[in-house]
Amino acid sequence: MAKHISNMDQLQAALMPTMVKMVDELSERVYQTLNYFLQEYYNSYDPKSYSRQYDFLRSAVKVEPKIQGNKVTASVFIDTDYMDNYYNATGYQVASWANQGLHGGLNTGSNTPHVWDDTMKTTVENGELLNLALDYLRRKGFSVRN
């Protein structure tokens with residue numbers, strides 16, 4: 001069924017449900033990728049001197065999309081406050097080390113991913129999210145050109 005749209009406000013209102021669902025799919029992709037690199041980080045090192053708590057592995061958070069004015073936003077992040085039981089390190093420090101490929105601030109010589117940077121390279125910088133957005137809009141019947 002066709003909708004009659006006579007101004008920009010009506011167009012925005014008609015597009016918002018599609019945009020919310022699209023942003024949800026895109027943020028889910030970033031969330032999955034972040035969790036992949038968190039797991040790879042854990043797989044890259046087997047500590048001998050301590051027992052892991054796995055807080056960092058479970059620290060990824062995805063916030064559902066929200067309409068803010070004429071935009072739809074969602075967030076994916078590492079919840080550094082969740083990691084409050086590290087000895088002599090804050091959650092932020094642990095996440096920073098992981099993004100440098102370090103375990104506990106040490107270079108273990110393993111093929112350790114740079115958790116956040118690799119997530120961004122694999123989703124944003126290589127154009128994957130843009131392509132997913134274009135594909136989503138095409139599936140919804142929008143005519144989109146690259």
Side-chain angles (χ1 to χ4, degrees), residues 5 8-146:
I5 296 174
M8 291 303 288
D9 290 338
Q10 290 175 347
L11 177 60
Q12 181 180 334
L15 289 175
M16 271 309 157
T18 300
M19 298 305 292
V20 168
K21 290 176 183 170
M22 181 183 74
V23 169
D24 188 46
E25 276 194 24
L26 298 177
S27 62
E28 180 64 25
R29 179 65 178 124
V30 174
Y31 179 73
Q32 290 171 358
T33 303
L34 176 57
N35 277 299
Y36 169 81
F37 283 113
L38 284 168
Q39 185 62 60
E40 288 299 302
Y41 176 81
Y42 270 77
N43 292 346
S44 70
Y45 180 65
D46 184 20
K48 305 291 185 230
S49 61
Y50 63 91
S51 179
R52 285 184 160 159
Q53 298 290 322
Y54 296 96
D55 287 351
F56 186 47
L57 181 63
R58 295 185 291 266
S59 67
V61 175
K62 176 187 165 215
V63 177
E64 297 302 314
K66 295 177 192 160
I67 297 172
Q68 297 179 324
N70 63 352
K71 299 177 184 177
V72 179
T73 62
S75 299
V76 176
F77 61 94
I78 295 171
D79 184 357
T80 56
D81 293 335
Y82 176 75
M83 301 180 286
D84 62 358
N85 65 350
Y86 287 96
Y87 180 73
N88 282 341
T90 64
Y92 180 81
Q93 184 63 63
V94 171
S96 296
W97 285 331
N99 199 45
Q100 298 170 38
L102 306 174
H103 287 272
L106 302 173
N107 184 344
T108 61
S110 59
N111 192 16
T112 305
H114 295 213
V115 175
W116 188 253
D117 286 348
D118 288 349
T119 297
M120 291 298 99
K121 286 176 189 171
T122 307
T123 56
V124 178
E125 293 172 20
N126 70 356
E128 180 188 17
L129 285 187
L130 177 59
N131 289 330
L132 289 172
L134 297 174
D135 289 343
Y136 182 87
L137 292 171
R138 286 183 187 116
R139 288 193 321 263
K140 298 301 176 189
F142 291 90
S143 176
V144 181
R145 289 183 277 167
N146 294 32

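Keep in mind the model is a prediction, meaning the values are calculated, not measured.
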Legend entry - Partner residues of D46 under the salt bridge (charged side-chain N to carboxylate O under 4.0 Å, His left out) criterion, sequence neighbours left out: K48
Inset, instruction - Return the set of residues passing salt bridge (charged side-chain N to carboxylate O under 4.0 Å, His left out) with E125 (not counting sequence neighbours), or none when no residue passes. - result: none
Legend entry - Criterion side chain to side chain contact (heavy atoms under 4.5 Å, CB included) on F37 and T122, from CA distance to verdict: CA-CA 10 Å; F37 283 113; T122 307; 3.5 Å; yes
Inset, instruction - Measure across A95 and M83 and return the closest heavy-atom pair with its distance rounded to 0.1 Å. - result: CB-CE, 4.4 Å
Inset, instruction - Before giving the answer on side chain to side chain contact (heavy atoms under 4.5 Å, CB included), spell out for N35 and Q32 the whole-Å C-alpha distance, their side-chain angles and the decisive distance to 0.1 Å. - result: CA-CA 5 Å; N35 277 299; Q32 290 171 358; 5.8 Å; no
Legend entry - Inter-residue atom distance T33.OG1 - D118.CG, 0.5 Å rounding: 11.0 Å
Legend entry - ring pair (Phe, Tyr, Trp, His ring centres under 6.0 Å) partners of residues 103-146, not counting sequence neighbours, each pair once: Y41-H103, Y45-H103
Side chains of residues 57-78: which donor-acceptor partners sit under 3.5 Å, not counting sequence neighbours?
from, atom 1, to, atom 2, distance (Å)
R58, NH2, Q53, O, 2.9
S59, OG, F56, O, 2.7
K62, NZ, D24, OD1, 2.7
K62, NZ, E28, OE1, 3.2
Q68, OE1, T73, OG1, 2.9

Inset, instruction - Can you run down the side-chain hydrogen bond (donor to acceptor under 3.5 Å, both in side chains) pairs that involve residues 92-102, sequence neighbours left out, and say none if there aren't any? - result: N99-D117
Legend entry - Pairs involving residues 128-143, ordered by first then second residue, that meet salt bridge (Lys or Arg N to Asp or Glu O under 4.0 Å) (sequence neighbours left out): E25-R139, R29-E128, D135-R138
Inset, instruction - Kindly check if the number of other-residue, nucleotide or ligand heavy atoms within 6.0 Å of CG (N85) is above 12? - result: yes
Inset, instruction - Check whether any side-chain heavy atom of L38 sits under 4.5 Å from a side-chain heavy atom of V115, and report yes or no. - result: yes
Inset, instruction - Would you please name every residue forming a ring pair (Phe, Tyr, Trp, His ring centres under 6.0 Å) with Y42, sequence neighbours left out? - result: Y54
Legend entry - Smallest separation among heavy atoms of T119 and L34, with atom names: OG1-CA, 3.4 Å
Legend entry - Shortest non-hydrogen contact between A14 and P17, atoms and distance: O-CD, 3.6 Å
Legend entry - Separation between OG1 of T123 and CG of L130, rounded to the nearest 0.5 Å: 12.0 Å
Inset, instruction - Not counting sequence neighbours, which residues clear side-chain hydrogen bond (donor to acceptor under 3.5 Å, both in side chains) with N126? List them please. - result: none
Inset, instruction - Not counting sequence neighbours, which residues clear salt bridge (charged side-chain N to carboxylate O under 4.0 Å, His left out) with E40? List them please. - result: none
Inset, instruction - Report yes if some heavy atom in the side chain of V30 is under 4.5 Å from a heavy atom in the side chain of L129; otherwise report no. - result: yes
Inset, instruction - Taking side-chain hydrogen bond (donor to acceptor under 3.5 Å, both in side chains) as the test, write out the residues that go with N131, two or more places apart. - result: none
